[in-house]
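Data block below; observations after.
Chain A is the first sequence line, chain B the second, and so forth, proteins listed ahead of strands; every chain is numbered from 1. Keep in mind that the numbers below use all heavy atoms, side chains included, and drop hydrogens, waters and symmetry copies. Just so it is clear, the model here is predicted, and its values are computed rather than measured.
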Protein chains: 2
Amino acid sequence: MATLAEVAKHAGVSPSTVSYVLSGKRSISDSTRVRVQAAIDALGYHPNAGARALASSKSHIVALVVPLRTDLYVPVMMQIAIAVTTTARQYGHDVLLITNDEGPEGVRRVAGSGLADGVILMDVELEDERVEVLRRHGTRASLIGLPADPAGLSCVDLDFAAAGATAADHLADLGHHEIAFIGQSEGVYRRHTGFAERTLAGFQERCQTRGLRAVHRPCDASFEGAAGVLARIFEDRPDTTGLVVQNEAMIAPLLGLLRSSGRTVPEEVSIVAIGPDEPVAVQTSPRLTTIPVPAQELGRQAVEMLLGPDAGNSGVTLLPPTLSVRESTAPAPGR
Amino acid sequence: MATLAEVAKHAGVSPSTVSYVLSGKRSISDSTRVRVQAAIDALGYHPNAGARALASSKSHIVALVVPLRTDLYVPVMMQIAIAVTTTARQYGHDVLLITNDEGPEGVRRVAGSGLADGVILMDVELEDERVEVLRRHGTRASLIGLPADPAGLSCVDLDFAAAGATAADHLADLGHHEIAFIGQSEGVYRRHTGFAERTLAGFQERCQTRGLRAVHRPCDASFEGAAGVLARIFEDRPDTTGLVVQNEAMIAPLLGLLRSSGRTVPEEVSIVAIGPDEPVAVQTSPRLTTIPVPAQELGRQAVEMLLGPDAGNSGVTLLPPTLSVRESTAPAPGR
DNA sequence: TTGTATGCGTTATCAT
DNA sequence: ATGATAACGCATACAA
């Protein structure tokens, strides 16, 4: 591995000149720049990451902390992770993957060792130990999701409350009166996962203002779970004509169950899905009306908050939900 | 940030002693070890990653190169990524995420800069430029998947040929005669993606020995794709009673289509799925008979080959397929 | 516009 | 069993 010093010798300049050619932090005459560049190419020089990190006390690495739970939908995480990685590259940074089985200790480790310049937290909980570690440590961080107290932090998330409200509105506009919210598994609510609670709150509030009768049913990620929930809904409230589903894994089973129970979508039952657009919504029949979670945008903005032009400005960014009307929603029957 | 030198002063020992307490590379009297440890705790010392990497020329980081294509099933990658990360941690390593949009250059970057000690390649193609970069560079690497020439490389993969054969066997054992293989999208085969070709080859060969009539149909990841393929299969060969599906995203649509076209599973049509077990197979109705891709095991072994006790031994590890018989396969009708 | 010299925090070699 | 100290490769403040 060639070193900067060797490049300098080869080009007949001083080491600092080579360094400045690389960093562009001071002006270099064209002639020497060319010579240096030639030497770099000739020797196949690559700056040593460790040395660079030591000298500049910047690792050019951001840590991405991902949950390893299986009860939240995986493609969203993957999309976020990829968006984070590609965006970080645009700022000359790499991404270190930290799984949450290390807990807060993982965050302490990467922050304390200077391994990462900044940390991105996914799947933030309302009271999150990792956030405390970051605060104490003074590490630059950005969160995807909202903790109970976001003071001094950079956070970005979908405005799930608005998403819930939008779903209710859409069904109300179509003349539905009895609707049901099929949510995540109970554990998610028990952990007080922010996004789930906010969606539900926004949904319920809007149902009230619009005069809709609504029920909430958590749903385990299994065929039985879906079957049980669905049966219960139509037993308790046979006149239910609208479903809001925030449980992407259950979309396919749900559609199958509705079909085999003889309820047509959207003629008899309308469905609005809150979740990832990509894999599921467009592969179903009928195609789903959705309020997509903008995974890519979340990842991008998280990095932007960390490394972008006005990094350091703490604050909460709530992305407005969008409604993609497809084929799974229609006017309520008998209207 | 406390430094090693400060810890040394605080403990009244020399810097090297502290270093050796940390690394355990030479014997230390209990008394000083305790004093040093106390100083470490008192100052909240964490070794600086950059300095450590510079001095030891080991970053304790492995790079994981993930594809960003959307036509291969995402959960498998996520499972592999997580397995890689947790296993790497057991060896005291972290994982750097590299997306394949950087191409071979990304590999060159992390290897050349010493950012990573080793590289794990996912979604390896038969002729893979990245492999050449690694070879030239002499970087330690392990591949998940098989290149055309694996000489000198550590590779691990599911034995997809055996998997294809196992699927054929299972259907043959059940008395099926006309069967169809629903594969990945055409692009995957055009790129000569190893696993797809090997599965198909193993399948076709075994069909021949067992006297089965078989057709292969690539399938795009869309509802229309599934519908078209299915229609074509039953038009060309109305007596088809067995389906082998290696396209996890299409499982749900396929089941839906079969149901709405009045073909019952498994009474009239049997289905064997080759793909991830977790999310899809157990959420369907009926539950799918599968030959699972052991994502976790693949990730674990890839790390093991890189960092484990006998790392450096190049060689190809083909994991034997397993067959999970569930509810989607039954004896051929009329037997 | 370019060169010189020092320091970054560890590891590891050589002493003792 | 422990201490001194020279690398490690680069960035940057200071000179010229």
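In terms of phosphate contacts, B/Lys25 brings a side-chain nitrogen or oxygen within less than 4.0 Å of OP1 or OP2 of C/dA12. Between B/Thr32 and the phosphate of D/dT2, there is a side-chain N or O to OP1/OP2 separation shorter than 4.0 Å. In this model, the phosphate group of D/dG3 is approached by a side-chain N or O of B/Ser14 to a distance below 4.0 Å at OP1 or OP2. At C/dG3, one or more side-chain N or O atoms of A/Thr17 fall inside 4.0 Å of OP1 or OP2 (strictly under the cut-off). Taking only side-chain nitrogens and oxygens, B/Tyr20 never comes nearer than 4.0 Å to OP1 or OP2 of D/dA4.
Between the P atom of C/dG7 and the CG atom of A/Leu54 lies a distance of 13 Å, rounded to the nearest Å. A straight line from CD of A/Glu6 to C1' of D/dC10 spans 13 Å, rounded to a whole angstrom. Computed from coordinates, the A/Arg26 CZ to C/dT1 C1' distance equals 7 Å when rounded to whole Å. The CG-C1' distance, from A/Asn48 to D/dA7, rounds to 13 Å in whole Å. A/Lys9 has its NZ atom 20 Å from the P atom of C/dT2, to the nearest Å. Note: CD1 (B/Ile40) to P (C/dG9) measures 16 Å, nearest angstrom. In this structure, B/Arg35 places its CZ atom 8 Å from P of D/dT2, rounding to the nearest Å. One atom, CG of B/Leu22, and another, C1' of C/dT10, lie 10 Å apart when rounded to the nearest Å.
A donor N or O paired with an acceptor N or O is not found under 3.5 Å between the base of D/dA11 and the side-chain atoms of A/Ser56. The base of D/dG9 is not paired with the side chain of B/Arg52 by any donor and acceptor separated by under 3.5 Å.
Among the protein residues, A/Gly114 comes within range of no part of the nucleic acid, since none of its heavy atoms lies under 4.0 Å from any strand. Within 4.0 Å of A/Leu4, counting heavy atoms only, lie sugar-phosphate atoms of the nucleic acid but no base atom. Using a 4.0 Å heavy-atom distance criterion, A/Thr3 is classed as a sugar-phosphate-only contact. Within the 4.0 angstrom heavy-atom criterion, only backbone atoms of the sugar-phosphate kind lie near B/Pro47; the bases stay farther away.
For B/Glu6 (side chain) and B/Thr3 (main-chain N/O), a donor-acceptor pair under 3.5 Å exists by modelled atom type. Side-chain N or O atoms of A/Arg35 include one that pairs as donor or acceptor with a backbone N or O of A/Ala11 at under 3.5 Å. Between the side chain of A/Ser56 and the main chain of A/Arg52, a donor-acceptor pair closer than 3.5 Å is present.
Residue A/Val13 has its side chain nearest to C/dG3 when only C/dC8, D/dC10, C/dG3 are considered. Distances were taken from every side-chain heavy atom of A/Ser27 (C-beta onward) to each of D/dT12, C/dT1, D/dA11; the shortest belongs to C/dT1. Closest to the B/Ser16 side chain, of the nucleotides D/dT5, C/dG9, C/dG7, is D/dT5. Among C/dT4, C/dT2, D/dT2, the nucleotide with an atom closest to any side-chain atom of A/Ile28 is C/dT2.
Between B/Ile120 atom CD1 and B/Arg140 atom CZ the span is 10.5 Å, to the nearest 0.5 Å. Atom CE of A/Met305 and atom CD1 of A/Ile144 lie 7.5 Å apart (nearest 0.5 Å). Note that CG of B/Leu134 is 8.5 Å distant from CG of B/Asp128, once rounded to the nearest 0.5 Å.
Position along DNA chain D of the nearest nucleotide to B/Ser29 versus B/Ala51 favours B/Ser29 as the more 5'-ward residue.
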